[in-house]
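First up is the structure itself, then whatever we jot down about it.
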There are 2 protein chains.
Amino acid sequence: MATENAALVGFAQHDHAACIKRALAGAEARCATEGFRLTPARRKVLELLVQSHRALGAYAILDRLRDTGFGSQPPVAYRALNFLVKHGFAHKIERLNAFVACAHPGISHAPAFMICRICNAVAEAQSAPAEGGLGATARAAGFRIEKTVVEAEGLCPACLEQARG
Amino acid sequence: MATENAALVGFAQHDHAACIKRALAGAEARCATEGFRLTPARRKVLELLVQSHRALGAYAILDRLRDTGFGSQPPVAYRALNFLVKHGFAHKIERLNAFVACAHPGISHAPAFMICRICNAVAEAQSAPAEGGLGATARAAGFRIEKTVVEAEGLCPACLEQARG
DNA sequence: ACCTCACTTGTCATGTGATTTCATATCAGA
DNA sequence: TCTGATATGAAATCACATGACAAGTGAGGT
Ligand SMILES: [Zn+2]
Ligand SMILES: [Zn+2]
Ligand SMILES: [Zn+2]
Ligand SMILES: [Zn+2]
């Protein structure tokens, strides 16, 4: 498991402290207006995700929760993660069996991810696969698409640089 | 886990016996010309995948292998599956942690999948996500895409019909 | 025919990811 | 204050995947 080091969104440096604060404040606000309950455990998990800006496995999150005084059984992490995913504050990366904070919370969107196979950094982009050839194929086949997972694996700028030597 | 019943490719009925025979013959031929070793276990796993025409988990395959006299430890199934995936005879469905036989073996292609959330039927279509907006985003971000996973979840024609009542 | 090296297989053990279950606690609204 | 819905705590279990090592098999060189 890659340890978190650099702060990045979309592989670019940024004011991460402000980034975290903004994300949490935004989540608080949206939960308040929409009537969701952003409990301490859920808030802490979101904070962990935003803070690392990487895909974190449920058990990695669980370890960090334990260190912070929360429960230490798997459901603690999974329940919080399910809440965050369900309401669009986080996404699951199927390819890694791991989770990332959403980069565009609040806005309805079909995310696509770029995942570095070396350092596990994840950037979120927009996708519209159902509008391309896949959508046409699905209509032709009589298949109704409800959700689409798009995950590109490759090398992030930093690891690409590293690889060149 | 959905039990296999209907024979389908791309959700359509077809001559499944011929379909299986053709797939295995094709695999034999390609292994012969390219120097791969399609051993009994590998062949059997491919046969199971083609036969079910659905996503099968490694342990489901393992059960069937055991019943047929092969080894019964997980690595038996995983090794065969890894071989098949590596050489393009099968694909892994990340969303389901399961495997399907490739619908277009031999031809180099970027697969996209349509997965029925009710019956687990899987149809394989072509995709080219790296040529659309995602490709542009990746280039702009300096990310080098090596492989892309595209998996659409929804309702297959049969289950859609069922759902209408 | 024999050796050798690369690859394949069998098996046990372990690691990693996710859910079920049931009891208890908390909160919002009647 | 009562009540039903939602959230937590905790134990157990299930599901998916790999590591490690010994033993077997096959093709190519001598
Ligand atoms: Zn940030
Ligand atoms: Zn990287
Ligand atoms: Zn078929
Ligand atoms: Zn279906």
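Here is the naming used below: chain letters follow the sequence lines, and residue numbers restart at 1 for every chain.
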Test side-chain contact (heavy atoms from CB on, under 4.5 Å) applied to Glu124(A) and Val100(A), step by step: CA-CA 9 Å; Glu124(A) 182 176 346; Val100(A) 280; 5.6 Å; no
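As a whole-Å value, the separation of Arg42(B) CZ from dT25(D) P is 16 Å. Taking atom CZ of Phe70(A) as the reference point, atom C1' of dT8(D) lies 12 Å away to the nearest angstrom. Between the CZ atom of Phe36(B) and the C1' atom of dT8(C) there is a distance of 16 Å, given to the nearest Å. Atom CG in Asp63(B) sits roughly 14 Å away from atom C1' in dC14(D) (whole-Å rounding). Atom CZ of Arg66(B) is separated from atom P of dT11(C) by 11 Å (rounded to the nearest Å). A straight line from NE2 of His87(A) to C1' of dA7(D) spans 13 Å, rounded to a whole angstrom. To the nearest angstrom, P of dA18(C) lies 11 Å from CG of Leu96(A). When rounded to the nearest whole Å, the span between CG of Leu62(A) and P of dT8(D) equals 14 Å.
Side-chain contact between Val149(A) and Glu153(B): absent, with no pair of heavy atoms (C-beta onward) separated by less than 4.5 Å. Side-chain atoms of Gln126(B) and His104(B), non-hydrogen and from C-beta on, do get closer than 4.5 Å to each other. In this structure, Gln51(B) and His53(B) have side chains that are not in contact, with every pair of non-hydrogen atoms separated by 4.5 Å or more.
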Watson-Crick and G-U pairing of DNA chain D written in dot-bracket, each distance under 3.5 angstrom, with | for inter-strand partners: ||||||||||||||||||||||||||||||
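The aromatic rings of His87(B) and Phe83(B) sit tilted relative to each other, their planes meeting at an angle between 30° and 60°.
Between Pro40(B) and Asn97(B), the residue whose closest nucleotide on DNA chain C is further toward the 5' end is Pro40(B). Across the interface with DNA chain C, nearest-nucleotide mapping of Phe99(A) and Arg37(A) shows Phe99(A) to be the residue nearer the 5′ end.
Asp67(B) has no carboxylate O lying under 4.0 Å from a charged side-chain N of Arg64(B), or vice versa, which leaves the two without a salt bridge.
A cation-pi geometry, defined here as NZ or CZ lying under 6.0 Å from the six-membered ring centre and within 45° of its normal, holds between Arg30(A) and Phe89(A).
In this structure, CZ in Arg42(A) is found 12.0 Å from CG in Leu46(A), a value given to the nearest 0.5 Å.
Side-chain nitrogen and oxygen atoms of Thr39(B) include at least one within less than 4.0 Å of the OP1 or OP2 phosphate oxygen of dT9(C).
With hydrophobic clusters built from ILVMFWY side chains whose heavy atoms lie under 4.5 angstrom apart, Val50(A) shares a cluster with Leu81(A).
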Can you give me the N/O atom pairs linking the protein to nucleotides 19-21 of chain C at distances under 3.5 Å, or say none if there are none?
none

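Among the nucleotides dT6(D), dT9(C), dA18(C), the one closest to the side chain of Lys92(A) is dA18(C).
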